[in-house]
Chemist: 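Take this structure first; my questions come after.
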Amino acid sequence: MATSTEAARLLLALREGELTLDGRLVEATNASFVGVARLPGDGFEVRCVYKPIAGERPLWDFPDGTLAHREVAAYLVSEAAGWDVVPPTAFREDGPLGPGMAQQWIEVDEEMDLIEALRSGHPGLRRIALFDAVVNNTDRKGGHLLPLPDGRLLGVDHGVCFSVEPKLRTILWGWRGTPLEPDELAALARLGGELDAGLGVELRRHLSADEVAELRRRTGSLLAEGRFPQPSPDWPAVPWPPF
C-alpha cells in the first residue's frame, strides 16, 4: 500500500500530469484509453486508464456526462471507509479528448482463478460486496474484478453507481442477508462520520445532492441493520453477462 505522500503524488499525476495516450481498450462499453501521466520536470509517471466524458454512451437511468464523476466518487468512498478496493482515480479537467477520469493501470495476477475465489468466499470479494452495497453498484461483473499478485482484489468500472433508486446488481450475492463483522461495521461507521464531515462536500463535486444524501442513508441503514442486503425483487440481481 502506498504511503500518503506517494498516494498524493500519484493522484496529482493522474489529475494534472501530462497525459500521453498509446492505446485503447476496444472491448469497453464507453471510450477508454490507456496511456502515461507524467509530472513535468519530476520524472514521476504512472500508467493509467483515461475515460473522457465525450466518449460516454447515453444511458436511460443515469444523467448524461456523469460516469467519469461516479468513478471518482467510488474511489473517494473506498478510501474514506478504509476498504482500498478501487485503484487511485482522479478527475481531469483537461485531457487529450477533454474532461474525464484517469485511473491507475493495474497489472493483474493472471494465475488467480476468480471462479474459485467466488466459490471459496475470498475475503477480498466480501469487502467489495459490502462496498457495492454502499455505492449501489448496478453492474458488478467478474470482469470488473482485478486480482493482484499479493492476493488482494480490486474493483473497477464504477460509472453506474450511486443511483438514488435501489439498483444493486452483482455476482457477489454469496453473503446476502448474513451478519456483518465488527471490522465491517467499523468501516461503515467511519464512512458515515466522513460523510458528515468533509467527504460529503467533496462528493458534491461529482454527485447530485440527492445521490450524496442517499449514499449517507444507505450507509446508515447497513450499519443499523448489521447485515448484508437481500436482492431487490424489483431489480435483476445478477448482471448479464456475469463476466
Chemist: Take atom CZ of R205 as the centre, draw a 6.0 Å sphere, and report whether it contains more than 12 heavy atoms from other residues, nucleotides or ligands.
Modeler: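 Open.
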Chemist: Do R140 and H158 have a side chain donor and acceptor closer than 3.5 Å?
Modeler: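 R140 vs H158: donor-acceptor pair found between side chains.
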Chemist: Does D132 pair with R169 as a salt bridge, N-O distance under 4.0 Å?
Modeler: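 Not counted as a salt bridge, because no side-chain N and carboxylate O are separated by less than 4.0 Å.
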Chemist: May I ask you to check whether over 12 heavy atoms, not counting those of E27, lie within 6.0 Å of atom CD?
Modeler: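 Not buried by this count: 12 neighbours or fewer within 6.0 Å.
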Chemist: Give me the one residue out of T138, L67, D64 that meets side-chain contact (heavy atoms from CB on, under 4.5 Å) with L59.
Modeler: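 Among T138, L67, D64, the one meeting side-chain contact (heavy atoms from CB on, under 4.5 Å) with L59 is L67.
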Chemist: Is it true that K51 and D157 have a side-chain N and a carboxylate O under 4.0 angstrom from each other?
Modeler: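 So K51 pairs with D157 through a salt bridge.
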Chemist: Would you call E211 and R70 a salt bridge, taking side-chain N to carboxylate O under 4.0 Å as the test?
Modeler: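 A salt bridge links E211 with R70.
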Chemist: Side chain of N30, backbone of R57: donor and acceptor closer than 3.5 Å?
Modeler: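 Judged by distance alone, yes, a pair lies under 3.5 Å.
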Chemist: Let's go through L130 and W175 carefully: what are the C-alpha distance in whole Å and the side-chain angles of both, what is the deciding distance for side-chain contact (heavy atoms from CB on, under 4.5 Å) to 0.1 Å, and is it a yes or a no?
Modeler: CA-CA 9 Å; L130 181 56; W175 295 280; over 6 Å; no
Chemist: Is it true that E6 and R9 have a side-chain N and a carboxylate O under 4.0 angstrom from each other?
Modeler: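 No salt bridge links E6 with R9.
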Chemist: Mind checking what makes salt bridge (Lys or Arg N to Asp or Glu O under 4.0 Å) contact with D61, not counting sequence neighbours?
Modeler: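 Here the qualifying residues are K167.
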Chemist: Hey, are D196 and R216 close enough for a salt bridge, meaning a charged N less than 4.0 Å from a carboxylate O?
Modeler: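 The answer is yes: the pair qualifies as a salt bridge.
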Chemist: Under the side-chain contact (heavy atoms from CB on, under 4.5 Å) test against F33, which residue among L19, L21, D22 passes?
Modeler: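 Running side-chain contact (heavy atoms from CB on, under 4.5 Å) over L19, L21, D22 with F33 returns exactly one hit, L21.
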Chemist: Would you kindly confirm whether L14 and L97 end up in one hydrophobic cluster when ILVMFWY residues are joined by side chain heavy atoms under 4.5 Å apart?
Modeler: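 Different hydrophobic clusters.
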